[in-house]
Amino acid sequence: SDSTSFVLVQPSRVPSSTPSISNMPTVTASPTSLVIISIIVNLDWWPDEISLKIITDTWNPKVVFEMNSTEFGAYNGPTQVLLQLELNDGGSYTLQLMDSRCDGLSLSSSFRPVVVYYRGDPVVGSEIASIDSSSFGCEASTTFVVADPLGSPSSAPSAVLTTSIAPYAPIVGSMPVLPPPASQQHNILALRSFLTSNGYTDNAKLDDSSSPQYLAAQSLAESTLDIPTVSSIAVEELVEKWAALVFYFSTNGPTWTVDYITEDPAFICSWNEATMIDSQNEYEYNGFFCDENNRITYVQITDGGLSGTLPTELGLLTNIMFFSIAVNEVNGTIPSELASWSNIEWLELGHNRLTGTIPDWIASLSSLRIFGISNNLMIGSLPSTLSAATSLEGLLLDRNMFVGHISSFYGLTNLALLHADGNALTGTLDSNTLAGLTSLQRLDLSNNHLNGTIPSHFFQLENLTILDLHGNRLDGTMPEIGANTAMDTLALQDNQLVGTIPSSITNLEVLAHLDLSSNLFTGSMPRYLGDLTSLEYLFLANINFSKGRIPLRFAKSTDLRYLSLKNTNRNHEIPTWLGEMDQIILMDLANNRLKQSIPSELGNMASLRYMFLDGNQLTGTIPVELARLNDTLTAATFDNNDLIGDTADLCGSLSSIVTLTSDCYDSSPVDCPCCTKCCNSDNLDCRVDENVYPSDPEWEFQLERPSVLNNRDGLHRLLKQHQESYALLSWPVW
């Protein structure tokens, strides 16, 4: 007696309480099973001593094929032997390689990896066995199993052999294309009939061998899925597999950073991966995920190398709840067929190359919570229907070319995140602006064409953490600010604000980022800003304050990382207490009237990467103590001062420096052999490059404009709040 075990794939329906077996369907099979064996042998090593055998174990051990290396030909060096065997019987076979001399010659030096491919029913083009070159000794073998072809098993197994021997060249792509088995041809015809008769596609697309529809049909036909009459395969599940494959080929799936389709296309719910991203067992999930009924509900392929266009067939994924393809190279427009996604809650298409306008039907998606199209090439007016999208909690339209009035946002009373910066939106800010959006957590309307004054009610929103209105045409004075324990970011730079900075700004108890640069404020530089002890980023550049020292009270902000007081009429000396600010990364004191020598204490600023002191009245030498900043200092500017001396010792130590400027022109009092630019008062171009000095570092405390991946912590918080309401197994972490 004998026994064997087998494993069944979970069917598409929920298992019944009493398992049962149905009659097997009739399967049309090929009269033979075709096996491809690829061997790469190095014929520099005694080729006459190497032999290859294929032995069947099913009907007592029997050699069905044997080949000695004397038959390999007269090639020297690596040679590929490609065998195509048509086996008239299924069962277990052994591939055996032997070095009969075995006198110190190891097959590991003679053979490259041996791979066995099988092409037959029901598996097509699968690698079923291989021998790793590291396993070779005097003899190596591997076993593979072939399904029974059509007809009764033969009592005398045999093989029809086609042999190809040639100098080895790496195989590009897959194994040689073979005629499809009979069952596959049947599947193709059945699938074409199903797709065209139900209006999912047309014959013209299925006849075009380069179209995504054709490629998707071929993949499905080659799978273990019978089309579509087998009762265990629901029509809806088949349609979703079809749509997912069309999406895969439309976005050039074979070139994705990770090709998730490593399984039979019938098992789409396994096209995914989970990657741990921190020590708290947080995972990022990419690929296709399904619910308990094997319906696709979650698709995320972020920064995955997608290109091409979004196909209309995506509209067939009617169970989809989460769809994100951010940070790719997808172009074209958003298909109108996505209007059928009645269950969609999260739709993010940001950081691609999409064109066109915002679809009017967005407001009809009653479950939609997050809609993101940031950083694309989209144009047009904000749709009149947008204000009806009341389910929205996050709306990300930033960095496109949209026009229209911000009143389109007024009806979105559930919004927590509104990013509309970097467009050409208009409107006058006043006491009614966004007054009904009491749930706002982040508001970014920067770099638009807004005018008016800053509404005081923005500072009364209990959950608003980020307010960014920079780069507009706002005027008037800043409003008085009451107690506020939520706002940590306030960016109002590049406007036309006047008056003095109110002392009530210190009521922003947790403020970490404050940028008021390039406005028309007057009066003294506010010392009370030093009472904002949580500040990490303070930019007051290009404000015509009255003359004065750098306020001593700023020393209380011990968490400061970025400080810009450029062009603010600062005079007297550079304070020595700055040397105690060991977390500062950027210090910009350029274009003031600072005098006396550069304090040697600045050499204690262990985190300093950017130091800008140009355009002052500094005297003395550049202190050699700055050599302590060897591991951090990237850019330093000392030009347009009254400095003297030799910087050779300093130059020998600052190996990390990229940009260094001073007054080291011919006959100047400064000798700076490592300066990247030598300046004089007539050299107007002697300025630090824009890519070194940031013009708009923004809220993330980056020295470059942040990507969408750095802006998502707010989205992540929203997702965490609602994850229990999503019928998904796992959740993305931004």
Side-chain angles (χ1 to χ4, degrees), residues 247 250-252 299-304 306-312 314-315 320 322-341 344 346-365 368-389 391-412 415 417-427 442-450 468 471-472 698 705-712 714-715:
F247 166 67
S250 293
T251 54
N252 296 307
V299 176
Q300 174 169 293
I301 306 172
T302 300
D303 197 13
L306 278 66
S307 56
T309 60
L310 296 177
T312 60
L314 278 176
I320 195 77
F322 186 109
F323 187 84
S324 174
I325 56 164
V327 196
N328 285 290
E329 294 290 332
V330 177
N331 56 61
T333 60
I334 301 174
S336 60
E337 286 76 7
L338 301 195
S340 65
W341 283 3
I344 191 70
W346 189 295
L347 177 56
E348 187 175 11
L349 309 174
H351 277 240
N352 280 284
R353 301 185 64 80
L354 296 173
T355 55
T357 60
I358 301 174
D360 289 335
W361 45 261
I362 284 296
S364 67
L365 301 177
L368 189 62
R369 294 178 175 176
I370 301 293
F371 178 54
I373 49 175
S374 304
N375 206 345
N376 278 286
L377 303 173
M378 301 185 71
I379 60 174
S381 299
L382 300 177
S384 58
T385 58
L386 184 61
S387 59
S391 62
L392 280 177
E393 298 174 18
L395 180 59
L396 296 90
L397 309 178
D398 47 298
R399 304 172 207 180
N400 283 282
M401 294 173 278
F402 296 128
V403 297
H405 198 279
I406 60 170
S407 58
S408 298
F409 305 135
Y410 286 12
L412 306 178
L415 272 186
L417 310 176
L418 176 55
H419 291 188
D421 52 296
N423 287 289
L425 303 179
T426 58
R442 287 189 171 202
L443 175 60
D444 188 353
L445 299 175
S446 61
N447 289 321
N448 280 289
H449 298 160
L450 306 178
D468 191 347
N472 282 289
E698 285 202 342
R705 192 169 180 87
S707 71
V708 66
L709 295 178
N710 293 326
N711 281 339
R712 289 189 175 156
L715 298 183

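- Looking at Q300 and S324, their side chains come closer than 4.5 Å, going by heavy atoms from C-beta outward.
- Under the 4.5 Å side-chain criterion, counting only non-hydrogen atoms from C-beta, N376 is not in contact with T355.
- L349 places none of its side-chain heavy atoms less than 4.5 Å from the side chain of V330.
- Between F322 and W346, the ring-plane angle classifies as parallel under the 30° and 60° cut-offs.
- Across all non-hydrogen atoms, the minimal contact from G304 to I301 is CA-CG2, 4.1 Å.
- Between L425 and L382 the shortest side-chain heavy-atom distance falls below 4.5 Å.
- When all heavy atoms are compared, the tightest approach of P383 to P359 is CG-O, 4.4 Å.
- When every heavy atom of L338 is checked against every heavy atom of L365, the shortest pair comes out as O-CD2, 4.1 Å.
- In this structure, the side chain of S391 engages the main chain of L368 through a donor-acceptor pair within 3.5 Å.
- N375 and H351 share a side-chain donor-acceptor pair at under 3.5 Å.
- Scanning both residues, T309 and T251, for their nearest heavy atoms gives O-CG2, 3.6 Å.
- Note: L412 CG to L386 CG = 5.5 Å, rounded to the nearest 0.5 Å.
- Distance check: L445 CG to L418 CG gives 5.5 Å after rounding to the nearest 0.5 Å.
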Could you go through I334 and I373, starting from their C-alpha distance and side-chain angles, then the distance that decides it, and tell me whether this counts as side chain to side chain contact (heavy atoms under 4.5 Å, CB included)? CA-CA 10 Å; I334 301 174; I373 49 175; 4.2 Å; yes
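- Within the 3.5 Å criterion, the main-chain N or O of S446 finds a donor-acceptor partner in the side chain of D444.
- Annotation for S336 and W361: closest pair CA-NE1, 3.7 Å, computed over non-hydrogen atoms.
- Between the CD1 atom in I370 and the CG atom in L417 there is a gap of 5.5 Å [rounded to 0.5 Å].
- Summarising the geometry, atom CG belonging to D398 is positioned 4.5 Å from atom CG belonging to D421; distances are rounded to the nearest 0.5 Å.
- The line from CG of L397 to CZ of F409 is 5.5 Å long, rounded to the nearest 0.5 Å.
- To the nearest 0.5 angstrom, T302 atom OG1 is 9.5 Å from I325 atom CD1.
- Among all heavy-atom pairs drawn from H449 and A424, the shortest one is CE1-CB, 3.8 Å.
- Proximity of a side-chain donor or acceptor of N331 to a complementary backbone N or O of L354 within less than 3.5 Å is not detected.
- Checked against ring pair (Phe, Tyr, Trp, His ring centres under 6.0 Å), F323 has the following partners two or more places apart in sequence or in another chain: F247, W341.
- A search for side chain to side chain donor-acceptor pair (under 3.5 Å) contacts involving D360 returns nothing, not counting sequence neighbours.
- Checking side-chain atoms of N328 against main-chain N and O of N352 turns up no donor-acceptor pair under 3.5 Å.
- Judged by distance alone, the side chain of T312 and the main-chain N or O of E337 form no donor-acceptor pair under 3.5 Å.
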